[in-house]
J.: 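Could you have a look at this structure, given as structure tokens, before my questions?
Read the numbers this way: they start at 1 and go in the same order the structure lists the ligands and their atoms. All values below were derived from every heavy atom in this structure, side-chain atoms included, with hydrogens, water molecules and symmetry-related copies excluded.
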Amino acid sequence: MHDGNNAGSRAAGPVTVDFPVWLRAAHWINVLFLGFLIRAGIQILAAYPRLYWNDNSTPGTEWLKFAKRPIPVDRPWTALEQERDVTAWLAQPGGNNLGLGRHWHFSAAMFWVLNGVVYVVLLFATGEWQRLIPTSWSIFPDAWQSVLTYASLHQPAASPGLPYDPLQQLAYAAVVFLLAPFLILTGAAQSPGIEAQFPRYARLFGGRQGARSLHFLGLLAFIAFIVVHTFLVVVTGFANNMGDIILGQHQTDQGAAVVIGLALIASILAIYAVTSWGSRRRPRTAQHILGRIFRPIMRALAVRTRSRQHYPASSISPQFLVNGEPPDSSEYAHLVAEDFSDWRLEVGGLVEMPLSLTLADLRRMPAQTQITKHHCIQGWCGIAEWGGVPLGAILDACRPLPAARYLIFHSYQLDMTGHPFYESLQIELARHPQTILADRMNGEPLPIPYGAPLRLRVETELGFKMVKWLRRVDFVADYRDLGDGQGGSREDNMFYEQSVGI
Ligand SMILES: Nc1nc2c(c(=O)[nH]1)N[C@H]1C(S)=C(S)[C@@H](COP(=O)(O)O)O[C@H]1N2
Ligand SMILES: [Mo]
């Protein structure tokens with residue numbers, strides 16, 4: 001094995017193995033953002049605290065659950081009932097807060113990945129990689145020796161010219177080059193945009209639920225590493241180790257290094273506390289500030305990807321979960337009683353030709369069916385066949401004016417604040433290959449729980465964009481003067497993003 005560049009170029013003996021300042025900085029930045037990721041990840045998990053290996057998310061088939069509340073069998077229920085509260089000691093920001101949890105998770109992911117990339121580039125640019133990446137197979141038997149030494153409650157010697165023993169080296173290399181990429185890949189595999197365009201990618205991980213389960217196991221591996229790493233840092237010479245990771249050496253000023261290190265850890269914990277508290281007090285501000293950090297990626301995943309999903313009929317989910325309760329107005333009850341013969345889809349706003357379409361009118365337009373996977377923001381999914389009119393055909397008929405940039409879908413149903421449920425969609429998405437207004441599901445007229453008589457399907461985005469029990473579609477220049485101005489009922493009330501490709 002070779003000496004590390006730094007160690008080798010110095011006159012001092014093997015104990016003086018310095019840690020360059022960029023490496024120390026990257027370590028602590030990593031601690032900060034990993035903490036955000038873990039905390040916010042727990043928040044996201046709590047929105048549907050059940051893990052599956054099948055993409056039907058069939059109740060009862062979960063391999064792990066963190067919910068005592070059973071799924072009701074004697075009454076209709078909605079997936080949102082399954083969300084649970086988490087203490088802010090564990091989750092970012094705590095409470096029942098999927099929208100903000102996602103904001104923290106994705107914005108932290110951006111900084112974490114950026115920090116990781118800078119770290120890896122410098123690792124190779126400086127030759128420091130030689131202290132991390134094993135260059136001989138003997139690392140495996142050597143690491144086993146380390147295991148035995150630790151098991152006998154002794155500390156193995158550091159490898160010649162290296163700051164750590166073979167087991168440490170192997171563990172660090174595995175975390176940096178295997179575990180971290182694995183978490184990024186399994187995270188990306190949960191994106192509806194990526195899965196819509198590259199269904200085979202998600203299949204590598206066993207589909208979206210497989211990816212979600214593996215992402216969770218990756219979290220457990222990370223936590224196990226952090227626990228063992230911290231334990232060893234403490235028991236194998238805390239002051240020396242703090243010297244290395246704070247000041248880059250442990251020959252001098254160890255006391256100062258310990259004080260600075262503990263202060264740094266305390267500050268990181270204080271940052272979690274303050275940001276959790278602050279974002280729950282001012283959720284709209286948090287939504288806006290954090291949203292800016294990852295919005296371009298979310299938007300690109302939703303708008304630039306194309307859905308090319310063609311699942312076989314055999315993969316249709318036996319039980320497709322439901323979100324949202326059907327409208328309980330007398331107006332809707334009347335429509336149901338008349339078998340929707342009085343129902344009209346009103347199309348208006350910035351169009352040359354406003355429309356008022358009956359179901360029969362819609363059924364005379366071009367028809368399309370598709371078997372696709374539905375990705376709910378909570379984490380569950382399901383596969384169904386949807387049939388209806390491509391939204392592009394509606395555009396051809398109503399001819400939007402050049403100023404029209406968004407479609408607003410209005411529902412008969414009311415959101416949690418008592419206002420009609422609505423969502424906005426970029427006009428580009430309206431002409432996507434699998435964007436349709438569906439009046440059929442699995443070969444039958446669309447059932448009431450799933451949005452009768454008509455709902456939106458837009459297959460590169462998350463489920464909440466797909467408004468059910470449609471009443472009206474308006475073409476507008478901007479969504480900001482509607483509702484609370486965030487782009488839809490869920491964006492207004494639950495702090496979700498307007499474009500959600502993941
Ligand atoms: N009008 C209306 N549409 C809605 C909702 C709602 O609450 N109201 N829920 C959304 C959410 S969060 C999801 S995941 C899907 C669920 O569709 P499904 O019930 O057919 O599974 O509908 C979306 N459309
Ligand atoms: Mo959802």
J.: Does NZ or CZ of R471 come closer than 6.0 Å to the centre of the six-membered ring of Y412, within 45° of the ring's axis?
T.: yes
J.: How would you list, by chain and number, the residues with a heavy atom under 4.0 angstrom from ligand 1?
T.: F320, L321, V322, N323, G324, H374, C376, W380, S411, Q413, F421, Y450, R455, G463, F464, M466, V467, K468, W469, R490
J.: Are F182 and F222 close enough that their ring centers fall under 6.0 Å?
T.: no
J.: Checking T275 side chain against Y272 main chain: does a donor-acceptor pair fall under 3.5 Å?
T.: yes
J.: Between F320 and H374, how do the two ring planes meet: parallel, tilted or perpendicular, split at 30° and 60°?
T.: perpendicular
J.: Just checking, R455 and W386: is the charged tip under 6.0 Å from the six-membered ring centre and within 45° of the axis?
T.: yes
J.: So among F36, F111, F294, W112, which one has a ring-ring contact (aromatic ring centres under 6.0 Å, His included) with F106?
T.: F294
